[in-house]
Amino acid sequence: MIKMSEYAKRRKELIQTIGPTGIAILPAAPEVPRNGDAVYPYRQNSDFYYLTGFEEPEAVVILAPKRKEGEYLLFNRVRDRDREIWDGPRAGQEGAVNDFLADQAFPISELESMLPELLAGRESIHYSLGLNKHFDKLLLNAVNNIRARIRSGLQAPIAFIDIAPSLHEMRLFKSAAEIAVMQKAVDITEKAHLRAMEVCEPGMYEYQLEAELMYAFIRNGARFPAYNPIVGAGRNTCILHYVNNNQKIADGDMVLIDAGAEYQNYAADVTRTFPANGRFSAEQRAIYELVLDAQMAAIKAVKPGAAWTAPQNVIVKIITQGLIDLGILKGNLDDLIEKQAYFPFYMHRSGHWLGLDVHDVGCYRVNKKWRPFEPGMVLTVEPGIYISADIPGVPKRWHNIGVRIEDNVVVTEKGRDVLSQRIPKTVADIEAVMKK
Ligand code: GLY
Ligand code: MN
Ligand code: MN
């Protein structure tokens with residue numbers, strides 16, 4: 001659990017960054033209609049959550065440096081006995097102040113009328129224009145309202161500055177408390193992957209494995225996955241973001257599961273691949289061990305000072321050499337790398353930042369250079385080889401073998417920690433788990 005004092009520290013840091021003449025504004029995520037009266041399960045906007053820990057919709061946070069009545073304002077829903085009987089408790093303004101440490105809290109219905117006075121006299125508005133059209137309009141109306149009143153001495157802001165770069169740079173570096181929450185997301189994910197491996201057998205449907213994953217997630221306190229689980233067997237292992245999960249698993253298929261729990265809004269993102277019948281064939285083993293070699297070497301390449309591209313370079317080299325050794329690619333290593341001959345088999349990058357979002361925020365390049373790893377960054381390392389049957393010139397015995405192995409890695413002072421290291425991934429460990 002992340003303490004309220006940590007959210008306060010983040011707000012203070014952001015206030016320092018925007019300076020005394022700015023003001024920051026972030027709306028909560030809107031509720032999203034699904035069909036009829038039903039809405040999708042509510043998920044707070046990650047930026048908003050990062051600054052507040054507040055999970056209700058219909059809320060807006062304003063950070064107004066040096067404002068004498070208080071710098072942290074939360075506009076949120078009022079307590080409403082009738083609504084709370086239907087939808088559950090609300091913090092209200094009292095809760096916003098007492099539990100979420102707002103300096104002042106106001107009913108969300110008062111935001112529109114209060115915005116002009118809050119913005120007047122501020123030089124810059126720190127806000128991500130274009131992401132929430134409804135809120136953009138509300139904000140621009142408030143600015144126009146001030147412009148119309150300049151003869152009475154009001155000063156309208158002269159700049160909109162995207163809040164994302166500074167906020168996302170903060171989010172890129174995880175605190176010890178965040179890493180502990182992410183470890184919990186990964187630990188729940190471990191239970192889910194183990195369960196799927198243990199119960200898998202030919203003849204099951206992909207969604208039946210998905211059901212095992214979801215059971216383990218929810219049973220262990222993660223109500224939702226961090227993204228739609230990918231459960232593909234046979235040819236479906238070669239579809240990178242396969243989510244139909246509705247085919248029957250055959251004897252001799254590989255099964256690829258890319259699934260991670262979301263815990264306290266933090267994501268795990270783990271992939272394991274295994275043979276449906278619990279024993280790797282010679283071809284499956286050869287491809288699997290090649291991906292595993294590449295993955296382990298890539299994880300070792302993650303360390304402070306190494307460039308973001310270091311793991312990818314290691315993967316490309318090992319996979320290309322491996323495909324040559326297996327006779328799937330023909331030619332000289334350097335030429336084949338130069339020509340990207342690996343691309344039909346490995347067409348994605350080595351991974352991404354991980355945090356509140358599964359593809360988390362943070363720049364990958366700074367000053368036109370791939371950025372170096374620094375302690376506190378969390379990323380995935382997830383090479384794969386996907387031998388789709390329609391790649392020309394590949395002997396049939398390799399067809400429909402898709403393998404991805406994905407772990408979650410924290411950069412430390414000394415190197416790296418692998419949060420998901422306990423989830424079985426060697427051939428021996430997987431076969432031992434699957435032994436009936
Ligand atoms: N689960 C999506 C990804 O691995 O990036
Ligand atoms: Mn994944
Ligand atoms: Mn991933």
Side-chain angles (χ1 to χ4, degrees), residues 43 46 171-172 174 179 182-183 185-194 196-197 206-207 209-210 212-214 216-217 222 224-233 236-245 254-263 265-274 288 291-292 294-296 298-299 301-302 308-312 314-316 319 345-362 364 373 377-386 402-411 416-425 430:
R43 168 55 160 76
S46 296
R171 278 179 54 190
L172 177 57
K174 275 70 178 175
I179 290 169
M182 293 184 76
Q183 180 70 66
V186 171
D187 291 347
I188 295 171
T189 300
E190 173 186 348
K191 291 190 164 71
H193 278 271
L194 272 174
M197 281 181 205
E206 293 162 343
Y207 55 74
L209 291 184
E210 183 180 7
E212 301 292 335
L213 299 167
M214 293 304 298
F217 286 170
F224 301 103
Y227 52 93
N228 294 328
I230 295 167
V231 183
N236 299 329
T237 58
C238 300
I239 303 173
L240 299 181
H241 283 173
Y242 174 77
V243 288
N244 288 347
N245 302 355
M254 287 295 270
V255 175
L256 184 154
I257 296 184
D258 183 345
E262 182 177 78
Y263 189 74
N265 286 335
Y266 283 82
D269 180 9
V270 174
T271 308
R272 289 293 183 264
T273 312
F274 50 84
Y288 188 87
V291 176
L292 187 59
Q295 204 241 8
M296 307 240 272
I299 288 174
V302 175
W308 167 258
T309 43
Q312 176 73 344
V314 167
I315 291 167
V316 161
I319 283 183
F345 306 95
Y346 173 52
M347 63 299 276
H348 55 80
R349 303 197 61 87
S350 64
H352 47 85
W353 304 129
L354 183 69
L356 284 167
D357 295 323
V358 62
H359 292 175
D360 206 32
V361 294
Y364 291 87
F373 292 117
M377 293 171 162
V378 182
L379 63 145
T380 67
V381 178
E382 50 176 307
I385 293 180
Y386 313 91
V403 174
R404 176 164 66 253
I405 307 171
E406 176 173 29
D407 280 309
N408 301 163
V409 178
V410 184
V411 186
R416 89 283 325 148
D417 280 341
V418 181
L419 298 177
S420 44
Q421 67 182 351
R422 286 205 315 259
I423 309 179
K425 69 174 176 181
I430 288 174

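Worth knowing before you read on, the calculation uses all heavy atoms, side chains too, and leaves out hydrogens, waters and symmetry mates. Start at 1 with the first residue, then count along the sequence. Every number for a ligand or one of its atoms is a count from 1 in the order of the listing.
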*Asks:* Would you say R404 touches ligand 1, if touching means a heavy atom closer than 4.0 Å?
*Replies:*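 R404 does not count as a contact of ligand 1 under the 4.0 Å cut-off.
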
*Asks:* Check whether any N, O or S atom of H352, backbone or side chain, sits closer than 2.8 Å to the Mn ion (ligand 3).
*Replies:*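 Of the N, O and S atoms in H352, at least one lies under 2.8 Å from the Mn ion (ligand 3), which means yes.
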
*Asks:* Considering just N/O/S atoms, say which atom of E406 is closest to the Mn ion (ligand 3).
*Replies:*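 In E406, the N, O or S atom with the shortest distance to the Mn ion (ligand 3) is OE2.
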
*Asks:* Evaluate the side chain to side chain contact (heavy atoms under 4.5 Å, CB included) criterion for residues R416 and F373: first the C-alpha distance (whole Å), next the side-chain angles of each, then the deciding distance (0.1 Å), finally the verdict.
*Replies:* CA-CA 10 Å; R416 89 283 325 148; F373 292 117; over 6 Å; no

*Asks:* What is the closest protein heavy atom to atom 4 (O) of ligand 1, and at what distance does it sit?
*Replies:* E382 OE1, 3.0 Å

*Asks:* For H348 and Y386: C-alpha separation, side-chain torsions, deciding distance, then whether ring-ring contact (aromatic ring centres under 6.0 Å, His included) applies.
*Replies:* CA-CA 11 Å; H348 55 80; Y386 313 91; 5.6 Å; yes

*Asks:* Heavy-atom contact check, 4.0 Å cutoff: does V358 meet ligand 1?
*Replies:*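 No.
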
*Asks:* Can you confirm, on distance only, whether ligand 1 has an N/O atom lying under 3.5 Å from any N/O atom belonging to H352?
*Replies:* yes

*Asks:* For atom 5 (O) of ligand 1, which protein heavy atom lies nearest, and how many Å away is it?
*Replies:* H359 NE2, 2.7 Å

*Asks:* Pick out which of R404, Q295, M296 makes a side chain to side chain contact (heavy atoms under 4.5 Å, CB included) with P383.
*Replies:* Q295

*Asks:* Under 3.5 Å, N or O to N or O, is E406 touching ligand 1 that way?
*Replies:* yes

*Asks:* If you check every N/O/S atom of D269, which is the one nearest the Mn ion (ligand 3)?
*Replies:*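 Closest to the Mn ion (ligand 3) among those atoms: OD2.
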
*Asks:* Angle class for the Y364/W308 ring planes (parallel below 30°, perpendicular above 60°, tilted otherwise)?
*Replies:* perpendicular

*Asks:* Given side-chain hydrogen bond (donor to acceptor under 3.5 Å, both in side chains), test Y346 with Q312 step by step and report yes or no.
*Replies:* CA-CA 11 Å; Y346 173 52; Q312 176 73 344; 2.6 Å; yes

*Asks:* When you measure from the Mn ion (ligand 3) to the N, O or S atoms of E382, does any of those distances fall below 2.8 Å?
*Replies:*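 Yes, within the cut-off.
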
*Asks:* Between the side chains of T380 and D269, is a donor N or O closer than 3.5 angstrom to an acceptor N or O?
*Replies:*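 No, D269 and T380 have no side-chain donor paired with an acceptor closer than 3.5 Å.
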
*Asks:* Under 3.5 Å, is there a donor on one side chain and an acceptor on the other for D187 and Y263?
*Replies:*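 Per modelled atom types, D187 and Y263 side chains form no pair under 3.5 Å.
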
